[in-house]
Every structure is written in C-alpha cells, then in structure tokens.
Protein chains: 2
Amino acid sequence: MKKQAVKLEDVAAVAGVSKTTVSRVLNNRGYLSQATIDKVHKAMQELHYRPNIIARQLYQQRTNLVGLVFPTVDNPFFGQLEACLDHELYKRGYRVLMGNSQNNPDRERAYLRQLLNGQVDGLIVGAHNEGIEQYRNIQLPVVSIERLVSKDIPVVAADNYAGGVLATQQLLDDGCQHIIHTNYPHDLASPNMERRRAYEELMRRHGLPMYTYEVSFDSSTAEKIKIFYRLFDEHPEVDGVFADNDTNASLIMQVARKRGRRVPEDLKVVGFDGANMTRTLLPELTTIQQPIQQMATAAVQLLQDQIDGKKTTNSVQLPVKLIHGTTA
Amino acid sequence: MKKQAVKLEDVAAVAGVSKTTVSRVLNNRGYLSQATIDKVHKAMQELHYRPNIIARQLYQQRTNLVGLVFPTVDNPFFGQLEACLDHELYKRGYRVLMGNSQNNPDRERAYLRQLLNGQVDGLIVGAHNEGIEQYRNIQLPVVSIERLVSKDIPVVAADNYAGGVLATQQLLDDGCQHIIHTNYPHDLASPNMERRRAYEELMRRHGLPMYTYEVSFDSSTAEKIKIFYRLFDEHPEVDGVFADNDTNASLIMQVARKRGRRVPEDLKVVGFDGANMTRTLLPELTTIQQPIQQMATAAVQLLQDQIDGKKTTNSVQLPVKLIHGTTA
DNA sequence: TCGCAGGTGTTAACCGGTTGACAGATAAAA
DNA sequence: TTTTATCTGTCAACCGGTTAACACCTGCGA
C-alpha cells in the first residue's frame with residue numbers, strides 16, 4: 001500500500017459538505033448552488049485534489065481503455081496503423097494499452113489473460129498466432145485487422161486479392177517472365193493468402209511458372225536475407241518480384257544489387273503496404289498501398305458499435321492503390 | 001453499468017466457503033487445506049471465473065502500468081524505442097499505456113492529467129512540448145528520454161555532443177567546405193542542441209561558415225521538403241549535410257537529386273539515429289547510431305529504482321557510433 | 001484437566017469513488 | 001393556506017477485490 005493521496009472525503013471535509021456533493025460538482029450532476037460549487041472548487045485547488053481514476057473505473061465497470069494486440073510497433077505498417085488507431089481512439093475518449101506480442105504466443109496469451117479481466121473495454125488485434133483458444137467465448141468487444149481470428153470476430157482488411165492482381169499485372173505488363181512471390185507460411189490463415197491466390201491465378205492464366213517463398217514475419221533480418229540469397233541462387237532467371245511487404249522488398253533489392261542485378265533494368269520489384277515511413281525512406285519503390293488510415297477508422301467504428309451493443313459483426317474490406325515508383 | 005460478471009462471491013458460494021478463503025486460494029496466502037483448495041479451484045473452473053483486475057488495483061494502489069508519453073510511434077526511432085521499452089517493461093511485469101502526444105501540447109496535458117490520477121505506476125516521457133507545468137510537483141516516478149523536462153527528473157540520452165563531433169568530422173574528413181546542419185528550433189531545451197553545439201564548435205575551429213536550418217519535428221513531410229528546397233536555393237554551394245535524423249536525411253537526399261546533385265559525389269550526407277527500420281530501408285546512409293536498446297534498458301532501470309523508492313536521480317548518457325554507409 | 005501451538009475459516013473494514021433514495025427548504029401556483 | 005415544483009444536500013449501499021483481527025478446532029505436553 002502506498003501513501004495516502006488526497007481523496008474526495010478530504011475535499012468534502014475542507015469544503016464543509018458531503019462526499020456526494022463533491023462528486024456532483026466533479027461530474028456536474030444534479031442541482032448545485034454556485035456558492036457550493038465555488039466552495040468545493042476552492043477546496044480542491046487548495047488540496048491539489050486529483051480524483052482516483054481506478055475507483056471510478058471500478059464502479060463504472062468501464063476503463064475507457066482499448067487493448068491493441070499486434071506483433072510489434074517497430075515496423076512501418078504496424079507503426080503507422082497503431083498510430084492511426086491511437087488517434088482515432090483518442091478522439092472517442094479511449095486510451096490505448098499496448099500489447100506487442102512480438103509474435104510470441106505466450107506473450108499474446110499473457111496479454112489476453114490480463115486484458116480480459118476488466119482491464120479494457122475492447123480489443124483490436126492483429127497478431128499472427130493462430131489458434132489462441134482464448135479468443136473463443138470472449139465476452140469482450142473485439143475487432144481484428146488483417147487477421148482471421150474466429151468467425152465471430154469482424155475483420156478489417158484491405159482488398160488483398162485486388163492488390164495481388166495489381167502487383168502481378170504490373171510485373172506482367174513490364175514484360176517479366178519469371179516472377180517470384182514472397183508471403184507468409186501458408187498455414188497462417190491470413191487475408192495475405194489472397195495476395196498469393198491472385199498471383200497464382202494470374203501466373204497460371206499466363207502459363208508462367210510460379211514460385212512462392214515463405215518468409216515468416218518474425219524471422220530476423222539476417223534470416224530473411226539468407227532466404228533471399230537462396231532465392232537468387234535457386235532462380236537466377238528471376239526478373240520480377242512481388243514482395244508481401246515493403247521491408248522485404250527493400251531487402252530483396254539489396255540482395256539483388258549484391259548479386260549484380262540492377263533494379264529496374266534487370267529486375268522489377270513491387271512491394272506491399274505503402275506506409276508513410278517506407279514512402280519517405282524508399283520512395284522509388286513501386287508498391288501496393290493499403291489504406292491504413294481508413295482501416296483504423298473502420299476498426300474503431302466497428303469496435304465502438306460493439307461496445308454500444310449494436311450487432312454489426314460485418315467485416316470490412318477496403319480498396320488498395322498501386323503506387324508507381326521506379327522499381328517496376 | 002454493464003452486466004454482472006462472475007465474481008469472487010459467486011465462487012465462494014458455489015465452493016461453500018467465504019470470500020476470504022477464495023481470495024487466499026487465489027493469492028496463495030495463509031493456511032489452506034488441500035481439500036479447500038480443490039473445492040475452490042473446481043468452483044472457479046465451473047463458473048469460468050476471472051478476477052477483476054481493477055478491484056485489485058484499487059486496493060493495492062498499484063496498476064502495474066507504465067505510461068509512455070512520446071510524439072508518435074510512427075517513426076523509426078520512436079517506434080523502435082517504444083518497442084524496446086515495452087519489452088523491457090514486460091519483463092518486469094509492467095504493461096504499457098500509450099500516450100502519443102503527436103506534439104500537441106493539449107494531448108500531452110490530457111494524458112498527463114489522466115495518467116497522474118493513479119492510472120499508472122510510472123511515466124517514461126520523450127515528448128517535446130516544453131513547459132508543461134504538470135511535470136512539476138509530480139508525485140509519480142518519471143524518467144525522461146532525450147528531453148529535458150524538469151531538473152528533478154532523470155534524463156537518459158545518447159552522447160549527443162560526441163555524435164555531433166563524429167558527424168561533422170566525417171564531413172570535414174570528406175573534404176566538405178560548406179556543411180549545413182538541420183536541427184530542432186533552438187528554443188526547445190533538448191539534448192539535441194548538443195549536436196548543434198558540436199557542429200558549430202568544429203566549424204568555427206576550422207574557420208568554416210555554419211548554417212543551421214531549423215525544422216520542427218511535427219512539421220508535415222511536405223513542409224519539410226519545402227524547407228530543404230529552400231536550403232539548396234539559398235546555399236547552392238552546399239557540399240555536406242549533417243541532418244538531425246535519418247528521415248530528414250532521406251528527404252534531403254531526395255531533394256538533392258531533384259536539384260541534380262549526386263550523393264555522395266556532389267553532396268555528402270550524414271544522418272542521426274540509425275534505427276533498425278532506417279538501416280533496413282536506407283542502408284546506404286551514413287549515420288550516427290543511438291544505442292536505442294541500451295537507452296530503453298537504462299530508462300526502465302531508473303524508473304524501477306524510483307518505484308522501489310531508491311533515490312537514484314542520476315541522469316545517464318550513452319555512447320553513439322558512426323555507421324559507415326556510402327553517403328559520406 | 002489446562003495451556004498452548006498450529007491449522008482453518010469467517011467477519012467486517014477498507015481501497016476511493018458514484019448514485020438511488022430521501023429529507024428539508026424555498027418559491028410559485030391553486 | 002395548501003399543494004406542487006424546484007432546489008440543495010445527506011445517507012448509505014455499491015463496484016469487486018484484500019486483509020487485519022479474531023474465533024474455533026485439534027492435538028500434544030505439562
């Protein structure tokens with residue numbers, strides 16, 4: 001137990017009124033004379049009174065906190081997404097409890113266990129780990145972004161299929177014959193798979209060979225680079241790459257240069273995400289831009305609806321856009 | 001008021017014991033027979049009981065939450081820093097409450113007002129806004145990162161002066177005669193100013209002209225680009241730039257190319273920060289790397305000490321490193 | 001038989017706010 | 001004068017846990 005802070009009762013004593021009256025002044029509730037209001041305000045000032053939020057939360061059964069469960073914030077896409085979510089939630093009076101799982105199922109579980117115990121009013125999740133059974137039979141409002149969690153939970157996602165088509169078509173239009181795709185391991189039930197489906201359909205339709213390299217999100221940069229070296233070794237004929245995110249696209253271009261390929265002369269590259277940070281640091285990259293801001297807005301709207309008890313469990317899909325750089 | 005959840009009392013009723021006994025089982029406290037323990041566990045399982053964290057927090061006057069007040073998470077440096085802080089805090093049993101101020105003093109104030117009301121056990125701040133009076137007379141443990149807040153609050157920072165020397169010296173060694181520096185507006189009392197001081201001292205010592213362009217952190221990308229165009233217009237003779245962060249360095253190089261300058265042939269550029277994301281997306285940039293992980297570790301350690309009541313209000317300064325790229 | 005230690009469990013106060021129910025006062029309407 | 005509406009304010013229960021204080025029981029040594 002920590003030291004005693006000034007509490008409502010102390011204010012009441014100094015102002016010469018009851019706790020209720022102070023609480024009413026605080027919350028602007030019921031009838032109050034100006035004289036009483038002034039008295040109470042004066043007492044609060046004198047004592048440097050700060051109402052204890054936790055006590056209020058306990059009574060109101062509401063914390064105005066929303067948990068964000070994502071892999072990490074140190075990433076152009078998730079960083080911008082969490083920043084947007086934070087901003088949207090702030091506008092509605094919510095604060096954000098960070099739950100970076102680092103793609104560690106234990107951590108995700110730990111966060112969930114804790115957050116479900118009345119710590120937050122709702123959850124927005126985008127972590128990868130499949131089959132976390134705690135998501136089932138959840139009593140809490142939950143919205144998922146770019147992840148399939150459970151069929152009761154609405155998903156906000158970009159139109160990944162259209163994105164896959166745009167990217168692949170761009171490479172085909174550029175005359176590429178040997179296009180390689182990178183994506184998550186396919187056992188992850190992620191909307192990302194739609195990009196792969198689009199890629200494979202287009203390649204098949206054009207009678208071209210298809211190769212997908214699976215790169216898990218939580219691999220280290222060194223591991224990813226190793227995979228990309230292998231990519232060039234196993235497929236020296238590659239003349240186009242459709243990467244599943246801009247960071248991987250950047251790594252692939254670095255490896256390509258090390259292997260003596262010039263981009264875009266010898267190799268075209270299209271990325272995915274088009275986050276602010278990538279646009280600033282790597283503006284030459286041609287990429288499929290996800291509408292991050294809109295995704296955040298939609299997710300928060302869906303969450304608010306659930307918190308308000310509205311039964312709108314509809315998923316949302318938002319359009320993507322091809323950004324023309326110089327790499328494809 | 002929301003619907004009633006299963007509470008400790010319900011468990012007690014089902015198990016046929018008192019609230020206290022259930023609480024003891026929960027917290028492993030006092031003497032309990034195995035039979036009682038089993039009975040209680042069985043009842044908890046049956047009812048899917050989850051203890052309400054808020055109630056516990058109220059009694060214990062402790063939330064195991066730490067507030068992070070930074071400008072934004074959508075930035076290579078702050079993104080990585082917050083990820084590291086989150087990780088360090090997690091290891092010690094704390095969760096993170098995000099407080100992105102977006103460099104808006106009102107938002108920073110709003111966060112502070114709320115966080116100080118018992119919402120968090122401590123605060124780690126790195127937001128820019130000077131003179132937020134709420135930081136004075138704070139009862140809460142606070143640590144600041146790369147910001148001077150108030151003299152009672154310990155600061156964790158990189159050795160900015162050494163960084164400024166390294167960067168400027170590199171450009172001088174490269175033979176640059178007209179080196180321009182970018183930094184925050186100088187009225188911000190930030191350790192960043194040490195970089196400027198180092199730059200100016202070296203330039204003066206070499207009898208070279210010095211120009212610092214002030215770019216506020218919260219300007220839009222478009223505004224920053226406008227400033228950098230102006231930089232090249234006003235100083236066509238520039239042959240070296242020491243940017244105060246890698247993002248600005250990237251923008252400057254883009255503007256330089258638009259103006260027909262080749263990097264590094266016509267213009268050398270040194271950045272600052274050396275965060276993961278920049279290293280991945282812009283590996284060719286020569287930059288001064290801040291020890292982000294160590295800064296996070298140090299900050300969390302200092303905070304823990306304060307929470308534990310130890311009186312170690314000493315600030316910490318950590319070494320920086322020059323990363324050789326191809327831009328200088 | 002009594003005293004005492006160790007084990008087991010309960011009662012009730014407490015954390016710091018919020019609010020329904022209610023009492024008393026004053027003023028306006030009947 | 002009585003009734004009714006409008007103010008002003010208090011009491012006590014409540015949110016859901018935690019724990020100090022205490023009571024009871026059993027077994028053992030004196």
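Computed from a predicted model, the values in this text were never measured in an experiment. In what follows, every chain begins at residue 1, and chains take the letters A, B, ... in the order their sequences are listed.
Side-chain nitrogen and oxygen atoms of T20(B) include none within less than 4.0 Å of the OP1 or OP2 phosphate oxygen of dT10(C). For Y49(A), a side-chain nitrogen or oxygen approaches OP1 or OP2 of dG17(C) to under 4.0 Å. The side chain of T21(B) contributes no N or O atom lying less than 4.0 Å from OP1 or OP2 of dT8(C). Distances shorter than 4.0 Å separate none of the side-chain N or O atoms of Q57(B) from OP1 or OP2 on dT18(D).
Closest to the side chain of S18(A), out of dG16(D), dT10(D), dT10(C), is dT10(D). In the set dT19(D), dG9(D), dT19(C), dT19(C) carries the atom at the smallest distance from any side-chain atom of Q60(A). Of the candidates dG17(C), dT19(C), dG16(D), dG16(D) carries the atom nearest the A55(B) side chain, counting heavy atoms from C-beta on.
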Quick test: give all pairs of protein nitrogen or oxygen and nucleotides 4-7 of chain D nitrogen or oxygen below 3.5 Å, distance rounded to 0.1 Å.
none

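Judged by closest nucleotide on DNA chain D, I37(A) is the one of K19(A) and I37(A) placed further toward the 5' end.
Ring centers of F217(B) and F77(B): at least 6.0 Å apart, outside the cut-off.
Residue-level contact check: R24(A) touches the bases, meaning some heavy atom is under 4.0 Å from a base atom.
Taking the charged nitrogens against the carboxylate oxygens, K7(B) and D10(B) have no contact shorter than 4.0 Å, which rules out a salt bridge.
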